[in-house]
There are 2 protein chains.
Amino acid sequence: MKCMYCGCEDSKVMDSRATIETNAIRRRRECLKCGKRWTTYETVENTPILVIKKNGSIQPFNKNKIISGLIKACEKRPVSLTQIEDIANDIEKELRDSLTQEIRSIKIGDMVMERLKQYDEVSYIRFASVYRQFKDVSSFIDFLSDFNEN
Amino acid sequence: MKCMYCGCEDSKVMDSRATIETNAIRRRRECLKCGKRWTTYETVENTPILVIKKNGSIQPFNKNKIISGLIKACEKRPVSLTQIEDIANDIEKELRDSLTQEIRSIKIGDMVMERLKQYDEVSYIRFASVYRQFKDVSSFIDFLSDFNEN
DNA sequence: CAACGAGGCACAATATATTGTATAATAGGG
DNA sequence: CCCTATTATACAATATATTGTGCCTCGTTG
């Protein structure tokens with residue numbers, strides 16, 4: 001592996017240990033040229049999560065779409081960015097764990113609502129009212145999906 | 001490494017190749033028990049970037065703080081989420097490449113302004129005007145830092 | 001539709017990583 | 001401030017990964 005300091009092409013492993021969950025391997029590497037050391041992690045490939053929108057088109061899942069929607073819904077409300085990130089991370093984790101190939105955008109909309117309700121009723125209601133113009137709540141996530149192309 | 005399918009503790013490497021940039025190693029693994037295969041990547045550890053706020057306190061850099069600030073500044077403006085992400089990613093990359101230990105929040109504020117100006121003058125001006133109440137532009141990033149604790 | 005690039009698969013010879021054991025340093029929690 | 005968890009470091013014996021070559025498939029592109 002290339003040295004992250006001098007750019008030298010070769011490095012050797014000084015130590016390698018499994019992490020607690022054994023889901024990753026931590027290695028301590030040393031550059032063969034400059035002798036500097038650094039740490040690497042070997043982790044399972046993050047296969048993109050694909051989302052099927054209501055019109056049938058497919059888009060890669062984008063956590064920031066959820067975050068941006070929640071930021072607007074929670075403006076001036078006691079929901080911190082950290083909590084918003086938690087919600088989005090939690091949803092991503094659940095989607096990855098589900099192992100389902102087909103994830104429908106309607107499902108993601110439901111997951112956002114379900115979690116937001118637990119954090120702040122007002123944001124939840126605002127969330128619903130802001131997007132009242134949509135036929136149903138699930139359309140919201142399609143709106144988020146479209147945000148990319150505006 | 002643990003099998004991502006059956007949870008078995010052991011797997012072996014079938015194939016390992018350096019990626020184009022030699023910044024990572026891609027391995028093809030096979031579970032010794034269930035025989036299923038998957039791909040892993042060994043990459044350099046993402047060491048947290050630490051930001052020194054104006055009052056001297058230190059916080060980990062959080063890309064989402066930049067994104068959330070830009071989302072508000074670019075509402076109803078022709079700046080897409082993708083472009084906002086590009087700005088934030090570009091800043092993170094520059095910070096990582098700088099190898100500077102000390103990154104002051106004022107610097108990040110400047111970097112955001114500099115890039116936003118290139119994307120959309122109106123958002124840039126709004127950005128400046130919204131935060132006019134602060135003594136100077138650089139205080140904005142401290143505001144973002146505080147968003148976590150609101 | 002042909003060309004191309006990327007990824008998956010296989011094999012064999014060689015070089016290198018892994019693992020246990022042990023000590024020290026550091027950061028976070030109580 | 002101490003206890004604990006995590007990471008860094010070292011060493012030695014053993015097991016395993018790496019690398020070149022070649023072929024196939026799939027998706028993208030001109």
Side-chain angles (χ1 to χ4, degrees), chain A residues 1-53 56-61 80 82 85-86 89 96 99 101-103 148-149, chain B residues 1-53 56-62 82 96 99 101-103 145 148-149:
Chain A
M1 178 181 283
K2 185 186 269 182
C3 170
M4 63 178 292
Y5 299 105
C6 74
C8 164
E9 290 297 317
D10 262 328
S11 59
K12 67 176 178 183
V13 175
M14 304 302 297
D15 194 49
S16 83
R17 306 285 153 176
T19 57
I20 305 172
E21 300 287 332
T22 341
N23 291 325
I25 296 174
R26 182 181 66 243
R27 294 186 177 82
R28 193 79 185 137
R29 289 186 169 270
E30 182 177 291
C31 175
L32 297 180
K33 204 169 174 182
C34 70
K36 284 198 180 117
R37 294 183 173 189
W38 70 96
T39 304
T40 66
Y41 284 89
E42 180 182 346
T43 52
V44 173
E45 174 190 36
N46 261 4
T47 48
I49 299 174
L50 297 179
V51 178
I52 303 169
K53 292 173 60 182
S57 72
I58 294 178
Q59 285 207 346
F61 171 77
S80 70
T82 306
E85 288 169 334
D86 286 346
N89 287 333
R96 287 201 183 282
L99 289 181
Q101 293 296 349
E102 293 197 346
I103 293 161
N148 250 348
E149 292 88 41
Chain B
M1 177 182 285
K2 186 187 268 182
C3 171
M4 63 177 294
Y5 299 104
C6 74
C8 164
E9 290 296 319
D10 262 327
S11 59
K12 66 175 178 183
V13 175
M14 304 302 299
D15 194 47
S16 83
R17 306 284 153 176
T19 57
I20 305 173
E21 299 288 332
T22 340
N23 291 326
I25 297 174
R26 183 181 66 243
R27 293 186 179 84
R28 193 77 185 140
R29 288 184 171 271
E30 182 178 292
C31 174
L32 297 180
K33 206 171 177 182
C34 70
K36 284 199 181 119
R37 295 183 171 190
W38 68 96
T39 304
T40 65
Y41 284 89
E42 179 182 346
T43 53
V44 174
E45 172 189 40
N46 261 4
T47 49
I49 300 173
L50 296 180
V51 178
I52 303 169
K53 291 173 60 182
S57 71
I58 294 178
Q59 285 209 343
F61 171 76
N62 184 340
T82 306
R96 287 202 184 281
L99 288 179
Q101 293 295 349
E102 294 197 346
I103 294 163
S145 298
N148 249 348
E149 291 89 45

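All of these numbers come straight from a predicted model, not from anything done at the bench.
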* Asked: Any donor-acceptor pair under 3.5 Å joining the side chain of Arg26(B) to the base of dG8(C)?
  ->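 In this structure, the two groups form no donor-acceptor pair.
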* Do Arg17(B) and dG20(D) share a donor-acceptor pair, side chain to base, under 3.5 Å? ->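 Pair found.
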Just how far, in rounded Å, is [atom2] of [N] from [atom1] of [X]?
| X | N | atom1 | atom2 | value |
| --- | --- | --- | --- | --- |
| Met1(A) | dA17(C) | CE | C1' | 13 Å |
| Arg29(A) | dT16(C) | CZ | C1' | 10 Å |
| Glu30(B) | dG7(C) | CD | P | 20 Å |
| Asp15(B) | dT18(D) | CG | P | 9 Å |
| Glu42(B) | dT18(C) | CD | C1' | 13 Å |
| Lys12(A) | dC11(D) | NZ | C1' | 12 Å |
| Arg37(B) | dG8(C) | CZ | C1' | 8 Å |
| Trp38(A) | dT7(D) | CH2 | C1' | 17 Å |

* Asked: What is the nucleic acid contact for Arg27(B), judged by heavy atoms within less than 4.0 Å: base, sugar-phosphate only, or nothing?
  ->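 If one applies the 4.0 Å heavy-atom cut-off, Arg27(B) turns out to touch the sugar-phosphate alone, with no base involved.
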Gap separating the [atom1] atom of [X] from the [atom2] atom of [Y], nearest 0.5 angstrom:
| X | Y | atom1 | atom2 | result |
| --- | --- | --- | --- | --- |
| Lys2(A) | Ser11(A) | NZ | OG | 11.5 Å |
| Cys8(A) | Met1(A) | SG | CE | 13.0 Å |
| Cys3(B) | Glu30(B) | SG | CD | 10.0 Å |

* To do: For side chain to side chain contact (heavy atoms under 4.5 Å, CB included), just list the numbers for Asp10(A) and Lys33(A), CA-CA rounded to whole Å, side-chain angles, deciding distance to a tenth of an Å, and then say yes or no.
  => CA-CA 8 Å; Asp10(A) 262 328; Lys33(A) 204 169 174 182; over 6 Å; no
Looking at the side chain of [X], which of [options] is the nearest nucleotide?
| X | options | value |
| --- | --- | --- |
| Tyr41(A) | dC9(C), dA17(C), dT7(D) | dT7(D) |
| Arg28(A) | dA8(D), dT7(D), dC9(C) | dA8(D) |
| Val13(A) | dA10(C), dT19(C), dA17(C) | dA17(C) |

* **Short side-chain N/O contact to dG7(C) OP1/OP2 from Thr39(B), under 4.0 Å** =>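 No, Thr39(B) has no side-chain N/O under 4.0 Å of OP1/OP2 on dG7(C).
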* Does Ser16(A) have a side-chain nitrogen or oxygen under 4.0 Å from the phosphate oxygens OP1 or OP2 of dT18(C)? ->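 Result: yes.
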* Are the side chain of Thr43(B) and the backbone of Ala24(B) linked by a donor-acceptor contact shorter than 3.5 Å? ->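 Side chain of Thr43(B) to backbone of Ala24(B): no pair is present.
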